Engineer: 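Dropping a structure here in structure tokens format, bear with me for questions.
From a predicted model like this one, the values you see are computed outputs, not experimental measurements. The analysis underlying the following values was restricted to heavy atoms, covering all of them including side chains, and did not include hydrogens, waters or symmetry mates. In this chain, residues are counted from 1 in sequence order.
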Amino acid sequence: STRFDFRMGRDNFAFENYVNENQTPPFTATNLTDVEIVRLFGPAVCADPDAGPASCVLTPAARNWMEATNREMANGHCEGMAVMSALFATGQVSAQPYGADSGFELTLPGNVPLQREIAYWWAFQGTEPTRSAERRGQMTPNEVLDALRASFDGGPDIYTFGLYKRDFSGGHANTPYAIEEDGGVVRVLLYENNFPTALKAVEIDTQANTWRYEATTNPTNPSEIYDGDATSKNLTVTPLRARLMPAVCPVCGEVAMDGTTVRGSAVQYRELQLSGQSELIVTTADGGLIARNDAGVWTNTISGASVTSNRRGPSTWDDELDPVFKLPLGLPVTVRVDGSELLQAEQASVVMTAPGYTYAVEGISVDPGQLDTLEFAAGANQLRYQTTSMETPVIELGVSVAGVDYLFQVIAGAEAGGVTVTITNNLMTGKLSVRISSTDGTAAYGVQVYRLGDDEEVFTHMANTIGTAATVSMGYAAWAGQGTPMQFEIDNDSNGSVDSTVMVADDN
């Protein structure tokens, strides 16, 4: 037997991998908070970078990234548990701040500091350099075994496992800690956070260069047996040291007044995430496409784009992982939320984050067969959302510019034939324009404008109506602040000419 100093009953957790809403015992898990986001990325995620972690108001992009990541943990925290247990074994994290002398003695319900810490280590998988450090689709089973042998023999790296279905639609993380060899079959013993007291192992057949894993304690269930070979390369390792490096912030930076130029960031991509069981289809004007084919495999013809997913590892792996799309900066895209495979209505949210800005459509109720469309501009200046269903979505645009951050929320009222909502932000004039096209000639909407800095001010007005041909522009840059009215300009036929001006009261 070859091992590194990981001890079951000491370094592993005694509780099982958990979801956001737990039933036995009932509790709601606390995941990332503002404090963890500052810890991950530094003060640049604060609207006021001089604010300390305790008083930081997150930028709109940082907050949307945090909320999307927390939703990703809804069905499992395996990654954070695998990483943290390995850190216990290496002595780089102590269990004592969370209430016990060892990981095995810790309890989870009511232990909010521990829940936040597990979420913190979970989140690294969605950042660089950890994401690129995972050898996903790169190593044969024998090559994975060679890496583990070197690790357990005193090599520089300690690894966590990534175990995936052959098409990478389901993924799970756990902690390998020892190797047992029996002829041509090698058993890699591991701490399995779905079954923390069971003796579990990945079997690697070195002659066939294959791997096999029984994902539950019931080996008679064939749907819970996972395997791979030298072609599938769906058994992965990620070095622990990648998570100990500073995480590259995917949302830090500022947007110039042209609405598209990003300053202060080395990141050249924006991320698109879906929560829910619908499918996303991404297209570009020149025919580029990202979509899942009938076999469940992703097709990607958009240059510079990629599709990945985060490991969360529910005990049955029945649910498919939500995709995370990386799209080049400055590329307009059309995104379709496709409910054609749904058997019942479900809630979905779509979030795009980028250095210095963010978009979101929250609270989409997707019916079977429904197809909604989102059109994202090249930068932080326009989003169009179209639905043919009865929807009351919250449509967001957030932006960081020199010295101030803004978050705009438009709540469109439901219409029998659906609505098309277009929000346009003109940073040069400091005005947000809203146009809502509906079938009956008028539409109801509400708006909230957040101005963020060393504190938070918000303008709210919900009782608004707009003609289907009209555009309303809100002068947010000239707004005097909390409790004061904001100037709205009405263009009745959207021809670029202001027909009327009104000072609209703040509902707060």
Side-chain angles (χ1 to χ4, degrees), residues 60-61 64 67-68 71 259 270-276 278-285 290 325 327 331-340 342 345-354 357-367 369-399 406-426 432-449 462 464-474 494:
N64 273 0
E67 292 175 352
R71 281 194 294 266
R270 48 188 186 174
E271 292 187 348
L272 180 70
Q273 291 182 260
L274 165 75
S275 65
S278 303
E279 290 283 350
L280 283 191
I281 303 169
V282 183
T283 59
T284 60
I290 305 178
F325 303 87
L327 304 170
L331 179 69
V333 294
T334 297
V335 176
R336 290 178 173 84
V337 182
D338 183 3
S340 60
L342 295 179
E346 63 114 34
Q347 292 290 306
S349 297
V350 178
V351 176
M352 176 179 280
T353 54
Y357 67 94
T358 182
Y359 295 103
V361 180
E362 305 275 3
I364 307 172
S365 181
V366 186
D367 295 321
Q370 183 174 329
L371 186 68
D372 288 359
T373 302
L374 297 83
E375 298 177 18
F376 296 94
N381 41 18
Q382 190 175 85
L383 168 63
R384 179 176 289 112
Y385 170 70
Q386 181 178 11
T387 180
T388 57
S389 183
M390 286 283 288
E391 299 283 357
T392 54
V394 178
I395 301 163
E396 291 188 355
L397 190 162
V399 62
Y406 290 99
L407 174 64
F408 310 103
Q409 293 182 332
V410 177
I411 302 95
E415 298 283 344
V419 294
T420 299
V421 183
T422 304
I423 59 173
T424 304
N425 185 29
N426 189 327
L432 180 79
S433 299
V434 177
R435 182 175 182 181
I436 305 176
S437 300
S438 60
T439 57
D440 64 0
T442 61
Y445 74 99
V447 62
Q448 289 189 300
V449 178
M462 290 300 177
N464 300 293
T465 58
I466 186 173
T468 193
T471 297
V472 59
S473 298
M474 307 162 205
S494 298

Engineer: With sequence neighbours excluded, what pairs up with Ser433 under the side chain to side chain donor-acceptor pair (under 3.5 Å) test?
Structural biologist: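 With neighbours one apart ignored, the set is Ser473.
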Engineer: The criterion is side chain to side chain donor-acceptor pair (under 3.5 Å); which residues satisfy it with Glu67, sequence neighbours excluded?
Structural biologist: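 Scan of Glu67 (side chain to side chain donor-acceptor pair (under 3.5 Å), adjacent residues dropped) gives none.
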Engineer: Restricting to pairs with a member in residues 375-389, which pass salt bridge (charged side-chain N to carboxylate O under 4.0 Å, His left out), not counting sequence neighbours?
Structural biologist: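 Listed once each, the pairs are Glu375-Arg384.
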Engineer: Who passes ring pair (Phe, Tyr, Trp, His ring centres under 6.0 Å) against Phe325, sequence neighbours left out?
Structural biologist: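 Checked Phe325 against ring pair (Phe, Tyr, Trp, His ring centres under 6.0 Å); matches are Trp298.
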Engineer: Output all residues satisfying side chain to side chain contact (heavy atoms under 4.5 Å, CB included) with Thr283, sequence neighbours left out; order by chain, then residue number.
Structural biologist: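 Result, side chain to side chain contact (heavy atoms under 4.5 Å, CB included) vs Thr283: Ile281, Leu289, Thr334, Arg336.
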Engineer: Rounded to the nearest 0.5 Å, how far apart are CG of Leu374 and CG of Leu272?
Structural biologist: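 The CG atom of Leu374 sits 8.5 Å away from the CG atom of Leu272.
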Engineer: Work out which heavy atom in Gly363 is nearest to a heavy atom in Ser349; give both atom names and the distance.
Structural biologist: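 Smallest heavy-atom distance, with atoms named: N-OG, 3.7 Å.
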Engineer: Mind checking ring pair (Phe, Tyr, Trp, His ring centres under 6.0 Å) for Phe376 and listing every partner two or more places apart, or none if nothing turns up?
Structural biologist: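 Once residues adjacent in sequence are excluded, the partners of Phe376 under the ring pair (Phe, Tyr, Trp, His ring centres under 6.0 Å) criterion are Tyr359.
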Engineer: Under 4.5 Å between any side-chain heavy atoms of Leu383 and Met352, yes or no?
Structural biologist: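 No - every pair of side-chain heavy atoms lies 4.5 Å or more apart.
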Engineer: Evaluate the side-chain contact (heavy atoms from CB on, under 4.5 Å) criterion for residues Thr424 and Arg435: first the C-alpha distance (whole Å), next the side-chain angles of each, then the deciding distance (0.1 Å), finally the verdict.
Structural biologist: CA-CA 9 Å; Thr424 304; Arg435 182 175 182 181; over 6 Å; no
Engineer: By side chain to side chain contact (heavy atoms under 4.5 Å, CB included), which residues pair with Ala443, not counting sequence neighbours?
Structural biologist: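 Testing Ala443 for side chain to side chain contact (heavy atoms under 4.5 Å, CB included), a comparison that skips the adjacent residues, returns Glu415, Ile436, Ser438, Ile466.
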Engineer: Within the 4.5 Å heavy-atom criterion, are Asn464 and Val472 side-chain neighbours or not?
Structural biologist: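 Sidechains of Val472 and Asn464: no contact.
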Engineer: Show the nearest heavy-atom pair for residues Ala360 and Asn64, with the distance to one decimal.
Structural biologist: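 Nearest heavy atoms, Ala360 then Asn64: CB-ND2, 3.8 Å.
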Engineer: Apply side chain to side chain contact (heavy atoms under 4.5 Å, CB included) to Leu342 and list each qualifying residue two or more places apart in sequence or on a separate chain.
Structural biologist: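 Applying side chain to side chain contact (heavy atoms under 4.5 Å, CB included) to Leu342 gives Gln277, Ser278, Glu346, Val366, Pro368.
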Engineer: Picking from Ile411, Val421, Thr422, what satisfies side-chain contact (heavy atoms from CB on, under 4.5 Å) with Ile395?
Structural biologist: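 In the set Ile411, Val421, Thr422, the residue that makes a side-chain contact (heavy atoms from CB on, under 4.5 Å) with Ile395 is Val421.
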Engineer: Can you name the side chain to side chain contact (heavy atoms under 4.5 Å, CB included) partners of Thr388, sequence neighbours left out?
Structural biologist: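 Expected list: none.
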Engineer: Side chains of Asn425 and Phe408: does their closest heavy-atom pair fall under 4.5 Å?
Structural biologist: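 Counting from C-beta outward, Asn425 and Phe408 do come under 4.5 Å.
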Engineer: Listed by chain and number, what are the side chain to side chain donor-acceptor pair (under 3.5 Å) partners of Thr373, not counting sequence neighbours?
Structural biologist: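 In terms of side chain to side chain donor-acceptor pair (under 3.5 Å), with neighbours along the sequence ignored, Thr373 is linked to no residue.
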Engineer: Can you sort out the partners of Glu362 under salt bridge (Lys or Arg N to Asp or Glu O under 4.0 Å), two or more places apart, ordered by chain and number?
Structural biologist: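 If we apply the salt bridge (Lys or Arg N to Asp or Glu O under 4.0 Å) test to Glu362, skipping adjacent residues, the hits are Arg71.
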Engineer: Among all residues two or more places apart in sequence or in another chain, which pass the side chain to side chain donor-acceptor pair (under 3.5 Å) test with Asn381?
Structural biologist: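 By the side chain to side chain donor-acceptor pair (under 3.5 Å) rule, Asn381 matches no residue at all.
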Engineer: For a 4.5 angstrom cut-off between non-hydrogen side-chain atoms, does Tyr385 reach Asp372?
Structural biologist: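 Contact flag for Tyr385/Asp372 side chains = yes.
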Engineer: Does the side chain of Met474 reach to within under 4.5 Å of the side chain of Val434, using non-hydrogen atoms?
Structural biologist: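 Contact flag for Met474/Val434 side chains = yes.
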Engineer: Which pair of non-hydrogen atoms, one from Asp367 and one from Ala345, has the smallest distance, and what is that distance?
Structural biologist: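 Between these two residues, the closest heavy atoms are OD1-CB, 3.4 Å.
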